[in-house]
Amino acid sequence: MTNTSSELTHNDKNFCVTSSLHTITLDQLLNYVEPVSIHERSLDILNRFIKNEHLTAVAIVDAQLTPVGLMDRSRITEIFSKPFAKDLLYKQRITELMDAQSIVLDVHTSVDDAANIIIDADMRHMVTGFIVVKNGIYAGIVSGHALLEAITLRKQHELYFLAHYDQLTRIPNRTLFKDRLHMACLNSNRNNKMSALIFIDLDRFKLINDSLGHGYGDQLLITIAHRLTDCVRESDTVARLGGDEFVIILQNMVTEAHVEHIAKVIMEKIQEPMLLFEQETHVTASLGIALYPQHATSSEDLIRKADIAMYHVKKQTRNNYLIYSDVLERDRDERLVLNNALNKALERNEFSLFYQPQIQLEENRLVGVEALIRWHHPELGMVSPAKFIPLAEETGLIIKIGEWVLREACKQHVRWVSQGLPPLRIAVNISAKHFHQTDFCHFVQLTLADAGIDPRFIELELTESMMMINVEHAIDTMNKLRALGFKLAIDDFGTGYSSLSYLRRFPIDRIKIDQSFVRNISTIPANEAIVRAIMALGHNLGLEMIAEGIETIEELNCIRSHNCLEAQGYYFLKPAPANELESWLHLFDLSTPKLTEQKDRLLCA
Ligand code: C2E
Ligand code: MG
Ligand code: MG
């Protein structure tokens, strides 16, 4: 017990309150004191107290070593100091001198229970202590002092733990993290080695938390904390800053490559499927890394820089890592400006939709268009959706934007029909946040009913990663949408989890092969192999396939040779405003040069 007190004074990484202190029993506080037989003389007992000044009490036992009472020092010395001290010489029976109501507890009684029993007995023997038995036989005495000390120590541990550890995941919290980071920087100064700080933020955690419940979210955070701890050495620190933010301090790093390697291991580990409460989910994380002393002069500066790197990943691709550089900092300032402007864009009517044709290759027919949002800011000019969509997702504005896009696409559909064009299928990109809203199905149904459009003319583009957040919920929503008559496509296929085993379970109509595989497909064998594999898979599942991002005739010929029947890309037309698309259609009817190369005429479906 005495050695544990030293743990309080230093920041031992392995400190853990769940250790012995939590379950401490009387066994661990036991002090064996030779008992007194009930037949002994009181004078002998007095002698024993005189010889051992630390002794506060002795137990009286019978012939079977069963305790029958406690004799405490003050009691016997009181008798001794009184005129009738002759009682010590056999006049009075020992049973009359001892406390017959002594407290007898089993060795396995916990410290907490012992404290409660003492309190219930009006603090009886808090000072002298109480008798402890093992299997009913006297085993020793525990002093009230030892009990108090154990409880106080435990409380101190708990307070220390509360102040320095995260209560949910039981890993270091922000306070301890800052302390450790400071120490790591000092160490780096001393030994000329590098320290790395990795900021880890789970992607779309809020969505998981909202859709699967907070209990689920908590378990997920605990699992992540374990996984992160598994990725690093004992001497490194894994801490939780709050919410879904974790940090890792790596010490004694020699090369940047080594840090990168660890970052990759962390990402892989986080991505492993997670089965909690019989619900499977997949999470990814965005990692921002800053190095000391390369990027920062102090631990505070290091935190700021790792944070900047992480935010950069968040706003770009997510599920990635990035090492800090000065460029990122400039970019962050730009982001703030962008965010302010974005908040006003809807009310100022700065958004518009562009449309990009989707061509059926066998007959060169226009089968649909994809609606792609554009933001024209009076000062910033045209802002790419790749820039502002992730930002809108982060702030939640994406839901309002998504609603606007669907309404606008519906209006356009109606306009085209009223212009005498055949009804065109319009593909609309759906964000993860919007899709996981509980009233999403209701919203899309209502919007189409308002516009008076048959849902089969609207195709909702979803991404693999948004479905993997909560597989069962996604399948459920997708089934509802299909029952309402909507078409469903998986966008950017192959870039997410490539969860081929899940594909079978998702009720979808179409796969959109991501443009990164289409790019240079005719010259990069790996891309061709991937496209071939995706095509085979889609065909097996009876899905329709479309290749995105076709820019050249070579790419077109190549995907055509793999029996991909639909395509979309700059080769046909860059996304264009509705009126330009109309002219294009018109021009095309008069035979567009590009498409004449494709021999046939392009017909509206
Ligand atoms: P996406 O849904 O995969 O859209 C295809 C992107 O590829 C579009 O970029 C399009 O302009 C571009 N593209 C099409 N053909 C070619 C080609 O031949 N070569 C190249 N290099 N690019 C081509 P865009 O419009 O910048 O949109 C980027 C992403 O932003 C979209 O990827 C989509 O994820 C998102 N997005 C666009 N509009 C919306 C929207 O209304 N709502 C939501 N939630 N996301 C949107
Ligand atoms: Mg799309
Ligand atoms: Mg795409």
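Whatever order the structure lists them in is the order used to number ligands and atoms, beginning at 1.
Side chain of R227 to main chain of K269: a donor-acceptor pair is present (N/O by atom type, distance under 3.5 Å, no hydrogens or angles).
For residues 417-433, every residue pair satisfying the salt bridge (Lys or Arg N to Asp or Glu O under 4.0 Å) rule, not counting sequence neighbours, is listed here: R425-E459, R425-E566.
Within the protein, the N, O or S atoms sitting under 2.8 Å from the Mg ion (ligand 2) are E370 OE2, N429 OD1, E461 OE1, D491 OD2.
Side-chain atoms of Q568 and Q358 form a donor-acceptor pair, as typed in the model, at a separation below 3.5 Å.
For a heavy-atom separation below 4.0 Å, the residues in contact with ligand 1 are Q356, E370, L372, I373, R374, P385, I389, V405, N429, S431, E461, D491, D492, Q515, R519, E548, G549, I550, E551, G569, Y570, P575.
Taking the six-membered ring where tryptophan is involved, the planes of F351 and W404 are tilted, since the angle between them lies from 30° to 60°.
In this structure, the ring of W416 has its center less than 6.0 angstrom from the ring center of Y355.
The pair D244-K206 does not count as a salt bridge, with every side-chain nitrogen at least 4.0 angstrom from each carboxylate oxygen. Ion pair E461/K512 flagged as a salt bridge, since at least one NZ, NE, NH1 or NH2 atom sits closer than 4.0 Å to an Asp/Glu carboxylate oxygen. Ion pairing between a basic and an acidic side chain is recognised when a charged N comes within 4.0 Å of a carboxylate O; R407 and D450 show no such pairing.
With sequence neighbours left out, H434 forms a ring-ring contact (aromatic ring centres under 6.0 Å, His included) with F440, F443.
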